[in-house]
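Every value quoted in this text rests on a predicted model; they were computed, and no experiment measured them. Numbered from 1 within each chain, the chains take letters A, B, ... in sequence-line order. Just so it is clear, the values below take in all heavy atoms, side chains as well, and ignore hydrogens, waters and symmetry mates.
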Amino acid sequence: MRLTRYHMPTLREKPAEAEIPSHSLMLRAGMVRKLAAGIYSFLPLGWRVVKKIMEIVREEMDRAGALEVFLPVVQPAELWMESGRWSVFGKELLRFKDRNQRDFCLGPTHEEVIVDLVRGEVRSYKQLPLNLYQIHIKFRDEARPRFGIIRAREFIMKDAYSFDKDWESLDRSYNAMYEAYSRIFKRCGLDFVVVEAESGAIGGDVSHEFMVWAPNGEDTIVYCRSCGYAANLERAASREVETSPSEQPADPEKVHTPDVRTIDEVSAFLKIEPSRLLKSLIYKTEKGYVLFLIPGDRELNEAKAKRAAGVETLEMADPAEVYEIAGASVGFVGPVGLKKRITVIADRSVKSGVNFVSGANEDDYHIVNITPEKDFEVDGYEDIVFAAPGDLCPKCGSPLEFSKGIEVGHIFKLGTKYSEPMKAYFLDEDGKEKPFVMGCYGIGVTRIAAAVIEQRHDDNGIMWPITISPFEVYLLATNMKNEKVKEVSEKLYQGLLDEGIEVLYDDRDERAGVKFKDADLVGIPVRVTVGERRVANDEVEIKLRHSKETLVCSVDEAVDRVKEIVKQLYEELEA
RNA sequence: CGGGGCGUAGCGCAGCCUGGUAGCGCACCAGCUUCGGGAGCUGGGGGUCGCCGGUUCGAAGCCGGCCGCCCCGACCA
């Protein structure tokens, strides 16, 4: 492609709206332009990258035996009511009515549609397993789109759905996707880790996320260097630490703490470590109210809390409800002397502790020296807090480490969460009707492009891995007015094209400096420079964007050398 | 949804406090010179100052409302 006939509007300055490298560089390199918050247009250069990512995804999905389909973006409300998610999904689900006042939504995911498609069509276990996937637009009306393409409202996703006759078969489908995903991200040049994850609103029991290491990532990866344990923050467990109390349980005592409410205030007022305070949180669930007790220096992990309480929904009780249960306002609640008896679940670390401090269930009073079992009852001790730095690995006991990451893929074992309510059944060998055992598997295709840039850039611009680079070679003619430079450049351009190499030929009538800057910015891995001095000796220069390694060779051997280098770059990523 | 900030030419910004009819750099067009790391000179084109209303002889600037965008948080398959 000749740059004079291409559209690659590069920006010299960093756009004000961009906070992180990938966002800034995608705008500067002329890959994308914003249309509205979280909604982007892809320009020719950016679209080439997306297409290459889609092609890798497609190849690996096909290799894994999945079949490509194409499902509607606009989906009828009835389907979502059937699965129960019309009411569960919040404002993220963009809803609207058609001309006949029927409710529709823009698909944020496609479980409902795929189940609807498969039920009725697939009737026998003989037709299983089946794995259908698609690559196209998703729309989620995010509360706060950010970081450019990383967290957009409209984005391209590859989503796949597997249908199996039983859990054992699902395991095989799931593992096949796990393998395919690993290959996909490796081919895209990403440095990633697979973590155990919560399954969230999608549901299901087992789930893994594919996380790309990136300081600007929104997710927190909790991992162990010694044994390889890795989980996202929501899921991460830590080893239970058995402590033998260093002091004897003392007698509880009520103390006057006027207007002292928060953990920090209480800690400062009573001069007691936050870890000795008991944070008492009252939640409303579908099974009634629950009091969660955690150390003052910890945060309640609601996902863990739900599991511990065996409930589906968890919502903080409002001040009026709190008052009714505790007999005191928020800030003075504690496990001792609750007005109403409700379920009490304590973090397991509370079990071996003594002489805690909590609210006294009376405004402006706290109670000190309370000890579980002695002074208050607990219905269960569970791990209900977020892991924190300093915690130990649940598997091997080494210190856990925390790092930021970008989620590029997520796989779930759904089981019958959708097939059951949506009555998607097949007839098994034993002649019985059974719901499909499902899995679902997502990849943020456009997000991959941004994640790759986060990992592979320098001060001058992007450094694409060749597998998803918009072009393989950047042919740079330093001066188009120099006859020899032009002649040799044209010859090389044709030579490279003849070899099937994707080359972006900078034939613009620009100064060399401008071209070098643009070449670095757009980050095509191999640059061939035809300059006046070299070309006078029938030589050209080949430079690698990533390593800055440079070699000079004769014009005659240039095409072969480039071919060799390109081949080698692919091998490094696809081996 | 809570808190903060910003909206002036394609991009980056100044002007606003202290009202007087819009400016700088880059980009764009033309010419000459230049030509391996975002050239120089000369001349040019381009702006309902986010929108609506108010105050005023006069509003980019003051006041009110709305919209959009960005950041922090909450939320997040």
TODO: Go through B:G12, B:G73, B:A27 for me and flag the one nearest to the A:Ala16 side chain.
DONE: B:G12
Task: Salt bridge present between A:Lys484 and A:Asp538 (N-O < 4.0 angstrom) - done: yes
Open item on the list: Quick check for you: among B:G36, B:C75, B:G38, whose closest atom lies nearest to any side-chain atom of A:Val514?
Closed with: B:G38
TODO: Mind listing the residues from residues 551-559 of chain A sitting with a heavy atom below 4.0 Å of RNA chain B? Number order is fine.
DONE: none
Open item on the list: Under 4.0 Å, heavy atoms only, any strand: does A:Arg33 hit a base, just the sugar-phosphate, or nothing?
Closed with: nothing
Task: B:C71 phosphate, OP1 or OP2, under 4.0 Å from A:Arg144 side-chain N/O - done: yes
Open item on the list: Please tell me whether A:Glu60 and A:Tyr181 have a donor and an acceptor in their side chains that are separated by less than 3.5 angstrom.
Closed with: no
Open item on the list: Nearest to the A:Ala37 side chain among B:G37, B:C76, B:C69, which nucleotide is it?
Closed with: B:C69
Open item on the list: One thing to verify: whether A:Lys491 and A:Asp556 come together as a salt bridge, which I'm taking to mean a side-chain N less than 4.0 angstrom from a carboxylate O.
Closed with: yes
Task: Of A:Leu35 and A:Asp509, the one whose closest RNA chain B nucleotide lies more 5' - done: A:Asp509
- [ ] Quick one: list whatever passes side chain to side chain donor-acceptor pair (under 3.5 Å) with A:Lys34, sequence neighbours left out.
- [x] none
Open item on the list: Is there a side-chain contact between A:Lys515 and the phosphate of B:C35, meaning an N or O under 4.0 Å from OP1 or OP2?
Closed with: no
Task: Contact nearer the 5' end of RNA chain B, comparing A:Val530 with A:Glu19 - done: A:Val530
- [ ] Check the distance between B:G7's C1' and A:Glu17's CD and give it to me in whole angstrom.
- [x] 13 Å
Open item on the list: Mind checking if A:Asp518 touches a base, just sugar-phosphate, or nothing, with heavy atoms under 4.0 Å?
Closed with: base
- [ ] Answer with base, sugar-phosphate or nothing: what part of the nucleic acid does A:Phe155 contact at a heavy-atom distance below 4.0 Å?
- [x] base
Open item on the list: Between C1' on B:G10 and CG on A:Leu43, what's the gap in Å once rounded to a whole number?
Closed with: 13 Å
Open item on the list: Any base atoms under 4.0 Å from A:Ala36, or only sugar-phosphate, or nothing? Heavy atoms, all strands.
Closed with: sugar-phosphate
Open item on the list: By the 4.0 Å heavy-atom rule, please label A:Pro108 as base, sugar-phosphate, or nothing.
Closed with: nothing
TODO: Would you please confirm or rule out a distance under 4.0 Å between OP1 or OP2 of B:G38 and any side-chain N or O of A:Arg12?
DONE: no
